[in-house]
Amino acid sequence: MCGRYVRRSDKQRIAEHFHVYGPSVPDFGPSWNVAPQTFQPIVRLNRDTREREIVMMRWGLIPYWAKGPQIGLSTINAKAETVATAPSFREAFKRRRCLVPADAFLEWQKIDAKTKKPFAIALKSGEPYGFAGLSERWHDKAAGAELLTFTVITTDPNAVVEPLHNRMPVILPERDYSRWLDVDSSQIPMDLLRPYEADQMTAWEVDKRIGNVRNDSPELLEEQSTTPKEPSLFDDAPL
DNA sequence: CCAGACGTTGTT
DNA sequence: GTCTGG
DNA sequence: CCAGACGTTGTT
DNA sequence: GTCTGG
C-alpha cells in the first residue's frame, strides 16, 4: 500500500518533469514525509484548456455524493482490482484521473509483532515519478466551500517491494503520462495499472526518525520553501 | 501510513 | 487497544 | 419499498 | 449517486 511518500521536488522541478507550462498554484517546497489528509500537488488536465496544470488537493478521496468527509480517512488508496467498479472510485476513474508527483514511497517492513523497519523505494535513476491517482471535488456544505481530494491506486508488489510489503502504489512510466491523463478518451487505460518494472527500482532502509518528521502541513509549506529542513533520507540512497 | 494521546472543570 | 491529527 | 453503505490496510 | 440487504 502507500500511506506515506517523499516529494523532494519543488514546484519548478515538478513542472519540468511533468511538462506543465501553464499558469499554476502558488510556489511550494518539498515534503519529506507526506501524510494522509495533507494538501499536496497533483497534475491533471485543465478542464477548459486541456493543458496540464498543478493543483493542490487533500490526500483521502471524498466522493462527490458523500454526506460527510469521514470516508476520506479510509480512501487514501484505491485497489486497482476494483477501482473501475467501486462506487467511491468508478466515476473518478473514468473522468478524473491524475498524477501524484513523488520521489519515493515509504513502506514499514514488519519484523515481528512489535518491530518494523521503514524503507524508501525510488527509481534507480533518481528521477521523480507519478503515482496513478484519482481526484474528486466535494461540496462541504458546513464550510460552504469546495474541497479537492485525491487517492493513490495500489497493485501487487514487484520483486523489489515484495520482501517489504504485499501492496505497492501504481507508478506510471513517463511514456504513459498522456494516456493516463487523457480523460476525454473513451478508452479506459486499465492496462497501465500494474507493478512498475522492478529492474528500474531500488529500496533502502531509512532512519527510524522518518516517522517523526512533521514538515508538510499546509501552514509550513511556505516556510519550507525558504528554509527547508532536509532529513538525511536520501543521503544513503543508492541512486 | 505513523505518532501521540488516551481526562475534567471552569474560565476566556 | 484504539482513536485522532497530520 | 427504505436504510445504510460506499474504503484500505493490517491485525485478531 | 447507486447498489445491497432486509
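Numbers restart at 1 for each chain; the letters A, B, ... are given by sequence-line order, proteins then strands.
The base-pairing partner of B:dC6, taking Watson-Crick or G-U wobble contacts with both distances under 3.5 Å, is C:dG1.
Side-chain atoms of A:Thr82 and A:Arg90 form no donor-acceptor pair, as typed in the model, at a separation below 3.5 Å. With no hydrogens or angles considered, no side-chain donor-acceptor pair links A:Glu51 and A:Asn46 at under 3.5 Å. Side-chain polar atoms of A:Asn77 and A:Thr151 form no donor-acceptor pair below 3.5 angstrom.
Heavy atoms of A:Arg58 sit nowhere under 4.0 angstrom from any nucleic acid atom. Residue-level contact check: A:Thr82 touches the backbone only, with heavy atoms under 4.0 Å from sugar-phosphate atoms and none from bases.
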What does the list of N/O pairs under 3.5 Å between the protein and nucleotides 3-6 of chain D look like, with a distance for each?
| residue | atom | partner | partner atom | Å |
| --- | --- | --- | --- | --- |
| D:dC6 | O3' | A:Ser88 | OG | 3.3 |

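Comparing B:dA5 with D:dG4, their P atoms are spaced 36 Å from each other, to the whole Å.
In this structure, A:Ile14 CD1 and A:Ile54 CD1 are separated by 5.5 Å, a value rounded to the nearest 0.5 Å.
Rounded to an integer number of Å, the gap from NZ of A:Lys116 to C1' of D:dT9 is 12 Å. Protein atom CD of A:Gln70 is 10 Å distant from nucleotide atom C1' of C:dT4, rounded to whole Å.
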Q.
If you apply the rule side chain to side chain contact (heavy atoms under 4.5 Å, CB included), what do you find for A:Glu91 with A:Arg96, and how did you get there?
A. CA-CA 7 Å; A:Glu91 288 305 314; A:Arg96 288 176 290 280; 3.6 Å; yes
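Of all the heavy atoms in A:Val55 and A:Val25, the pair that sits closest is CA-CG1, 3.9 Å.
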